[in-house]
Amino acid sequence: MTELMHVSGGPTKPEIIAVALSKLDLADNCRFFDIGCGTGAVSIEASKMVRNISICAIDAREEAINVTKKNFEAFKITNAKVFSGESSEILEKQDVGSIDCAFIGGTKNISRVLEVLAEKKAKSIVVNAVRIETVVNVINKMKELDLFDEVLHLIVSRGAPITGETMFKPENPVYVIVGRSGKN
Ligand SMILES: C[S@@+](CC[C@H](N)C(=O)[O-])C[C@H]1O[C@@H](n2cnc3c(N)ncnc32)[C@H](O)[C@@H]1O
C-alpha cells in the first residue's frame with residue numbers, strides 16, 4: 001500500500017477528513033480547493049470519492065508544498081495544480097478558475113480567505129479548526145458573508161490495547177464549520 005508522507009501539522013486524521021468531505025458537495029468533474037494543504041491528504045481522499053476531480057492545493061510553507069507534490073505523485077493524482085504562498089493572495093491574483101468546493105485546513109488570514117471565496121462564489125466551504133477563537137471568527141465571518149450553514153464538534157476516540165484488552169484514547173477535538181453560498 002502507498003504510504004502518505006507526513007509534514008508537521010498533518011495529515012488530518014482520516015475520520016475527520018471523512019466527515020469534512022461529506023459536508024462538501026463533491027461531484028464528478030468538480031473543482032476542489034485544498035487551502036493549507038499540508039500533506040495533500042484531504043485532496044487525495046477527495047479524489048477517491050468522485051470522478052475527474054480537478055484539484056488546486058495551496059500552502060504557504062515550502063516544506064508542505066514539496067510533501068504535497070511527492071504525495072500526489074505517489075498516489076497518482078494528475079489533475080492537480082499546487083501553489084506556494086498565502087492562499088488569499090493566490091486565490092485573488094492567480095488564474096485559479098471557478099471554485100466548487102473549498103476545504104480550509106490552515107486558518108491564517110481566515111477572514112480574508114473567506115472574503116475571497118465569497119467573491120469567487122465558492123459553492124461549499126468547510127473549515128477545520130482546533131482553536132475556539134478561530135471557530136468564533138469563522139462563524140461570525142461566514143454569517144457576515146451569508147455563508148454559514150452549520151458547525152460540528154468532533155471527538156474521535158481510538159481503541160488501543162491495554163494488558164490484552166482495549167481502552168479508548170480520545171484524540172484532539174476538531175471543529176468543522178460549514179458554509180454554503182446562497183444560504184438565504
Ligand atoms: C494543520 S495543517 C493542514 C493539514 C492538512 N489538511 C493535511 O491533511 O496534511 C495547516 C497548513 O495550512 C497552512 N496554512 C495556514 N494558513 C494558510 C494560509 N492563509 N495560506 C496558505 N497556507 C496556510 C500551513 O502552512 C499548514 O501547512
Side-chain angles (χ1 to χ4, degrees), residues 1-92 94-108 110 113-114 116-117 120-130 138 147 149-150 152 154 156 158 171 174-181:
M1 208 172 85
T2 312
E3 289 279 327
L4 189 83
M5 225 174 133
H6 290 207
V7 71
S8 57
T12 304
K13 295 282 187 296
E15 296 80 7
I16 303 293
I17 296 180
V19 174
L21 290 180
S22 78
K23 298 291 174 181
L24 285 172
D25 302 318
L26 293 175
D28 292 351
N29 306 308
C30 72
R31 307 203 69 248
F32 174 79
F33 285 65
D34 189 353
I35 296 172
C37 58
T39 58
V42 179
S43 293
I44 292 167
E45 289 309 309
S47 75
K48 294 176 188 169
M49 296 173 75
V50 290
R51 277 178 292 200
N52 198 32
I53 190 170
S54 157
I55 292 167
C56 178
I58 307 171
D59 205 291
R61 285 188 303 155
E62 210 50 51
E63 181 203 2
I65 291 298
N66 291 336
V67 168
T68 293
K69 283 182 179 168
K70 284 186 183 144
N71 280 330
F72 281 1
E73 206 179 315
F75 284 83
K76 301 189 179 7
I77 305 293
T78 49
N79 199 6
K81 284 186 181 166
V82 182
F83 290 97
S84 170
E86 161 54 41
S87 54
S88 56
E89 290 175 13
I90 304 267
L91 292 170
E92 263 187 309
Q94 301 273 352
D95 183 15
V96 294
S98 61
I99 302 173
D100 294 320
C101 312
F103 172 80
I104 306 177
T107 53
K108 208 171 154 207
I110 186 66
V113 174
L114 288 171
V116 181
L117 289 173
K120 295 202 163 270
K121 306 204 182 318
K123 290 177 193 153
S124 57
I125 301 168
V126 164
V127 181
N128 273 17
V130 292
V138 170
L147 292 170
D149 187 15
E150 61 174 331
L152 309 172
L154 302 181
V156 172
R158 198 175 298 280
E171 295 181 352
V174 178
Y175 297 87
V176 175
I177 312 136
V178 185
R180 295 181 201 287
S181 66

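Excluded from the calculations below are hydrogen atoms, water molecules and symmetry mates; all remaining heavy atoms, backbone and side chain alike, are included.
Considering only heavy atoms from C-beta on, E63 comes within 4.5 Å of S8 through its side chain. Residues F72 and I44 are in side-chain contact: their nearest non-hydrogen atoms beyond the backbone lie under 4.5 Å apart. Taking the side chain as every heavy atom from C-beta outward, N79 and N52 approach each other to under 4.5 Å. At a threshold of 4.5 Å between non-hydrogen side-chain atoms, the residues I125 and L114 count as touching. Within the 4.5 Å cutoff, the side chain of F32 has heavy atoms near those of the S43 side chain.
Under the 4.0 Å criterion applied to side-chain N and carboxylate O atoms, K70 and E73 are not assigned as salt-bridge partners. E150 and K23 are joined by a salt bridge, as a carboxylate oxygen and a charged side-chain nitrogen come within less than 4.0 angstrom of each other. Ionic pairing of R31 and D100 is not present here: no N-O contact between side-chain nitrogen and carboxylate oxygen is shorter than 4.0 angstrom. Taking a cutoff of 4.0 Å between a charged side-chain nitrogen and a carboxylate oxygen, D25 and R180 qualify as a salt bridge.
The two residues L4 and A41 make their nearest non-hydrogen contact at CD2-CB, 3.7 Å. Residues A20 and N128 share a closest heavy-atom pair of CB-OD1, 4.0 Å. Counting all heavy atoms, side chain and backbone alike, I77 lies closest to S47 at CD1-OG, 3.2 Å. Annotation for F33 and S98: closest pair CE1-O, 3.6 Å, computed over non-hydrogen atoms. Contact record, K108 with V113: O-CG2, 4.1 Å, taken as the closest heavy-atom pair. The shortest heavy-atom contact between A46 and L21 is N-CD1, 3.6 Å.
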>> Go through it in stages, so that I can follow the logic: the residues are V138 and I104, the test is side chain to side chain contact (heavy atoms under 4.5 Å, CB included), and I'd like the CA-CA distance, side-chain angles, deciding distance and then a yes or no.
In response: CA-CA 11 Å; V138 170; I104 306 177; over 6 Å; no
> Going through the distances and angles, do K13 and R158 end up as a side chain to side chain contact (heavy atoms under 4.5 Å, CB included)?
Replying inline: CA-CA 11 Å; K13 295 282 187 296; R158 198 175 298 280; 4.0 Å; yes
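A donor-acceptor contact shorter than 3.5 Å links the side chain of N71 to the backbone of T39. Under the 3.5 Å distance criterion, the side-chain polar atoms of D28 are left unmatched by any main-chain donor or acceptor of V50. Without hydrogens or angle criteria, Q94 side chain to V96 main chain gives no donor-acceptor distance under 3.5 Å. The main-chain N or O of G38 is found under 3.5 Å from a side-chain atom of T68 such that the two form a donor-acceptor pair. Using modelled atom types, no side-chain atom of D59 and backbone atom of I65 make a donor-acceptor pair closer than 3.5 Å.
Donor-acceptor pairing under 3.5 Å is lacking for the side chains of S84 and R61.
The structure places NZ of K81 at 11.5 Å from CD1 of I58, a figure rounded to the nearest 0.5 Å. Atom OG of residue S181 and atom CG of residue L147 lie 7.0 Å apart, to the nearest 0.5 angstrom. With rounding to the nearest 0.5 Å, the separation of CG in L117 from OG in S88 is 9.5 Å. With rounding to the nearest 0.5 Å, the separation of SG in C30 from CD1 in I99 is 12.5 Å.
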